[in-house]
*Asks:* 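Here's a structure for you.
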Amino acid sequence: FTDTFDRAAGPLGNGWGLVEGDAFVTNGTQLVMATIAHSDVMVNAGATFVDGSITVAALIDYACAVDVVFRYTGPNAFYFIELNPGFSASSSCPVAFYKKDATGYNQIGATVMLPGGTFPGGALFTARVELSGSTYRLYKGTELLASFTDSTFTGSGQQGLRSGGGGTGR
């Protein structure tokens, strides 16, 4: 599944469905998430698989974040990884893995603090999340940045995006 979001301004369409919060929109060339912190989740029924990789190209403002959602099977059954550029070019970039289950949002493991500029605010970056059984890895290019293991959700699920902080993500 691939979506470049380069269609007419307005609702996402193309199989995207709202899970919680407000729906993302396109501005004619890209997806736009401009919301309050941690408020919106959308998944795509066409992006369903068990193991594989998800590549995201994102441009986000400082103090904002974009979260990659995976293994979504319901509103209380999914994982996500938060990609955050930090608050300035010199600040660390926190990366954290979470799951949402019947008890709410729960962080898995410790936050990994990456060097400033790993996910630069206001500049395009690409990251890849690899799913293999109960092991999940985050890469930038060929560099492994973080990984976690959790066996709560290991079956097939939808993939999607979540707004991870106040500000604008594109």
Side-chain angles (χ1 to χ4, degrees), residues 1 12 16-24 31 33-45 47-87 91-116 118-121 125-140 143-170:
F1 174 80
L12 288 187
W16 287 93
L18 180 64
V19 173
E20 57 186 57
D22 296 321
F24 306 143
L31 170 79
M33 298 183 277
T35 63
I36 60 170
H38 310 294
S39 61
D40 310 315
V41 178
M42 294 191 75
V43 295
N44 195 298
T48 301
F49 60 91
V50 177
D51 290 338
S53 66
I54 304 165
T55 301
V56 175
L59 187 153
I60 54 180
D61 296 339
Y62 286 111
C64 183
V66 63
D67 300 345
V68 180
V69 173
F70 47 98
R71 297 214 195 281
Y72 175 90
T73 59
N76 290 315
F78 62 92
Y79 292 113
F80 65 93
I81 182 171
E82 182 175 71
L83 308 176
N84 189 325
F87 293 98
S91 66
S92 297
C93 299
V95 170
F97 290 94
Y98 295 87
K99 68 180 170 183
K100 185 173 184 196
D101 59 22
T103 66
Y105 289 103
N106 300 287
Q107 185 169 341
I108 301 169
T111 298
V112 176
M113 299 305 286
L114 301 172
T118 303
F119 301 119
F125 68 84
T126 301
R128 183 177 78 254
V129 179
E130 291 193 354
L131 294 65
S132 179
S134 60
T135 301
Y136 308 93
R137 294 179 179 93
L138 172 66
Y139 292 88
K140 184 175 179 187
E143 179 183 4
L144 176 63
L145 301 176
S147 66
F148 81 95
T149 301
D150 186 87
S151 60
T152 305
F153 314 119
T154 57
S156 180
Q158 298 174 357
Q159 318 312 313
L161 298 168
R162 178 177 182 267
S163 62
T168 301
R170 300 173 286 283

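For this chain, numbers begin at 1 and follow the sequence in order.
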*Asks:* Who passes side chain to side chain contact (heavy atoms under 4.5 Å, CB included) against T48, sequence neighbours left out?
*Replies:* S156, Q158

*Asks:* Do R128 and T55 touch side chain to side chain, with heavy atoms closer than 4.5 Å?
*Replies:* yes

*Asks:* So, do F125 and F119 have ring centers that fall under 6.0 Å from each other?
*Replies:* yes

*Asks:* Mind checking what makes side chain to side chain donor-acceptor pair (under 3.5 Å) contact with T111, not counting sequence neighbours?
*Replies:* Q107

*Asks:* So, do L138 and L83 sit near enough that their side-chain heavy atoms are less than 4.5 Å apart?
*Replies:* yes

*Asks:* Once you round to the nearest 0.5 Å, how far does CD of E130 lie from OH of Y139?
*Replies:* 5.0 Å

*Asks:* Would you compute the distance between atom OG of S53 and atom CZ of R137 and round it to the nearest 0.5 angstrom?
*Replies:* 12.5 Å

*Asks:* Assess whether side chain to side chain contact (heavy atoms under 4.5 Å, CB included) is satisfied between L161 and M42, documenting all intermediate values.
*Replies:* CA-CA 6 Å; L161 298 168; M42 294 191 75; 5.8 Å; no

*Asks:* Looking only at heavy atoms, what is the nearest atom pair of T154 and G133, with distance?
*Replies:* CG2-O, 4.1 Å

*Asks:* Hey, does the side chain of N76 reach the backbone of G74 with a donor-acceptor pair shorter than 3.5 angstrom?
*Replies:* no

*Asks:* Report the distance from atom NZ of K99 to atom CG of N106, rounding to the nearest 0.5 Å.
*Replies:* 6.5 Å

*Asks:* Taking the side chain as every heavy atom from C-beta outward, state whether R71 and V50 have any pair of such atoms under 4.5 Å apart.
*Replies:* yes

*Asks:* Below 4.5 Å, heavy atoms only, C-beta onward: do L131 and I54 meet side chain to side chain?
*Replies:* yes

*Asks:* Are the side chain of N44 and the backbone N or O of G160 linked by a donor-acceptor pair below 3.5 Å?
*Replies:* no

*Asks:* Heavy atoms only: give me the nearest A57-T126 pair and the separation to one decimal.
*Replies:* CB-OG1, 3.9 Å

*Asks:* Can you pull out every salt bridge (Lys or Arg N to Asp or Glu O under 4.0 Å) where at least one residue sits in residues 152-161? Sequence neighbours excluded, please.
*Replies:* none

*Asks:* Applying side chain to side chain contact (heavy atoms under 4.5 Å, CB included), name anything that partners S132, two or more places apart in sequence or on another chain.
*Replies:* none

*Asks:* Indicate the atoms forming the closest heavy-atom contact of P120 with P85, along with that distance.
*Replies:* C-CB, 4.1 Å

*Asks:* Within the distance-only criterion (no hydrogens, no angle test), does the side chain of Q159 pair as donor or acceptor with the backbone N or O of G157 below 3.5 angstrom?
*Replies:* yes

*Asks:* Distance from F78 atom CZ to Y105 atom OH, nearest 0.5 Å?
*Replies:* 4.0 Å

*Asks:* Mind listing the closest non-hydrogen atom pair of P94 and N84 along with its distance?
*Replies:* O-CB, 3.3 Å

*Asks:* Test F97 against every option in T149, I81, V112 by the side-chain contact (heavy atoms from CB on, under 4.5 Å) rule and name the one that passes.
*Replies:* I81

*Asks:* Are the side chains of R162 and K100 in touch, meaning some heavy atoms are under 4.5 Å apart?
*Replies:* no

*Asks:* Using the test salt bridge (charged side-chain N to carboxylate O under 4.0 Å, His left out), find all partners of D101 that sit at least two apart in sequence or belong to another chain.
*Replies:* none

*Asks:* Can you name the side chain to side chain contact (heavy atoms under 4.5 Å, CB included) partners of T118, sequence neighbours left out?
*Replies:* C93, L114, P115, K140, L145

*Asks:* Going by the rule ring-ring contact (aromatic ring centres under 6.0 Å, His included), which residues pair with Y79 if we only count those two or more places apart in sequence or in a different chain?
*Replies:* F70, Y136, F148, F153

